[in-house]
Asker: 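This structure is in structure tokens; I'll ask about it shortly.
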Amino acid sequence: MANVVSERYALSLYEVAKDVGKDEQFLTELLSVSGIFEAQPDFLKVLTTPSIAFEDKQTVLKNVFDGRIEPYLLNFLMLITEKGRIGLISDMCEAYKDLYYLENGIVEVRAVTAAPMSEALVAKLRDKMAAVTGKQVVLKTAVDPALLGGIVVKVNNKQFDTSLRTRLTELAQQLTNTIA
């Protein structure tokens, strides 16, 4: 249920952003706002507490965000606070980002390696994924030493795992099946 609600609010915000020609700016600011709420969970808790009057919540939102984000986005934050939906801001942000990426031919790719990749390797991977997907690529990288080596790449709902850990696990299974 929360997902449907988040998607509807995100779509409404996205339509407003498109109408005023600031869909990319809204995405940047919404990601920033969502990041603030993630980094300061007590701030979000204040806005979701039913015993705190909406007027007080409205004052807090204005004090924190007025002049720092688009007025439409501030009004959106006030609306979802009033409707008791501010707790879904992270989901709404993801849904908005998905809409923006879909409409602008962008795909998010996550790459996990055992050690940090050099800038040249990151650029090469980004170019390769752009060629494979036919879309502009936003590459997110992470390090997981447990992989031992290789890379795990996630694109949409597909995962390509060439990590050494996975290969060793597969080899162990093959040996177990051969012996058993």
Asker: How about Thr141 and Val112: do any of their side-chain heavy atoms sit closer than 4.5 Å?
Answerer: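 They are not in contact (no side-chain heavy atoms under 4.5 Å apart), so the answer is no.
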Asker: Do the side chain of Ser34 and the main chain of Leu30 share a donor and acceptor less than 3.5 angstrom apart?
Answerer: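 Absent.
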Asker: Sub-3.5 Å donor-acceptor pair from the side chain of Glu29 to the main-chain atoms of Glu70, do we have one?
Answerer: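 Such a contact is found between Glu29 side chain and Glu70 backbone.
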Asker: Would a distance-only check, ignoring hydrogens and angles, find a side-chain to backbone donor-acceptor pair under 3.5 Å from Lys154 to Gln159?
Answerer: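 Not a single qualifying donor-acceptor pair exists.
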Asker: Indicate whether any N or O donor in one side chain lies under 3.5 Å from an N or O acceptor in the other, for Glu170 and Gln174.
Answerer: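 Side chains of Glu170 and Gln174: no pair found under 3.5 Å.
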Asker: Which residues pass the ring-ring contact (aromatic ring centres under 6.0 Å, His included) test with Phe43, not counting sequence neighbours?
Answerer: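 For Phe43 the ring-ring contact (aromatic ring centres under 6.0 Å, His included) partners, ignoring immediate neighbours, are Phe37.
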Asker: Main chain of Ala115, side chain of Thr113: is a donor-acceptor contact present, judged purely on distance under 3.5 Å?
Answerer: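 Yes; at least one donor-acceptor contact below 3.5 Å.
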Asker: Could you tell me whether a side-chain N or O of Asp144 sits under 3.5 Å from a main-chain N or O of Ala146, the two making a donor and an acceptor?
Answerer: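 Here the side-chain-to-backbone pair exists.
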Asker: How about CD on Glu24, more than 12 heavy atoms from neighbouring residues, nucleotides or ligands closer than 6.0 Å, or not?
Answerer: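 12 or below, so no.
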Asker: So which atom in Leu61 and which in Leu47 form the shortest heavy-atom distance, rounded to 0.1 Å?
Answerer: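 Minimum heavy-atom contact is CD2-CD1, 3.7 Å.
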Asker: Could you walk me through whether Tyr96 and Met92 pass side chain to side chain contact (heavy atoms under 4.5 Å, CB included), step by step?
Answerer: CA-CA 6 Å; Tyr96 184 98; Met92 290 177 196; over 6 Å; no
Asker: Answer yes or no: is there a donor N or O on one side and an acceptor on the other, between the side chain of Asp56 and the main chain of Ile52, under 3.5 Å?
Answerer: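 Judged by distance alone, no pair lies under 3.5 Å.
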Asker: Find out whether Leu147 and Val152 are in side-chain contact, i.e. whether some heavy atom of one side chain is under 4.5 Å from a heavy atom of the other.
Answerer: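 They are in side-chain contact.
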Asker: Taking the six-membered ring for Trp, are Tyr72 and Phe26 parallel (under 30°), tilted (30 to 60°) or perpendicular (over 60°)?
Answerer: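 Because their plane-to-plane angle lies in the 30° to 60° range, the rings of Tyr72 and Phe26 count as tilted.
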Asker: Spell out, as yes or no, whether a donor-acceptor pair under 3.5 Å connects the side chain of Arg85 to the backbone of Thr81.
Answerer: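 Absent.
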Asker: If you count the non-hydrogen atoms of other residues, nucleotides and ligands that lie under 6.0 Å from CD in Gln25, is the total more than 12?
Answerer: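 Yes, because the 6.0 Å sphere around CD of Gln25 holds more than 12 heavy atoms from other groups.
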Asker: Do Glu108 and Lys97 sit within salt-bridge range, that is, some charged N less than 4.0 Å from a carboxylate O?
Answerer: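 So Glu108 pairs with Lys97 through a salt bridge.
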Asker: Given Tyr101 and Lys135, is the side chain to side chain contact (heavy atoms under 4.5 Å, CB included) satisfied, shown in steps?
Answerer: CA-CA 10 Å; Tyr101 281 7; Lys135 296 182 178 187; over 6 Å; no
Asker: Is any side-chain heavy atom of Glu7 less than 4.5 Å from a side-chain heavy atom of Asp98?
Answerer: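 No; the side chains remain at least 4.5 Å from each other.
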Asker: Could you walk me through whether Tyr14 and Leu27 pass the side chain to side chain contact (heavy atoms under 4.5 Å, CB included) check?
Answerer: CA-CA 9 Å; Tyr14 188 72; Leu27 174 61; over 6 Å; no
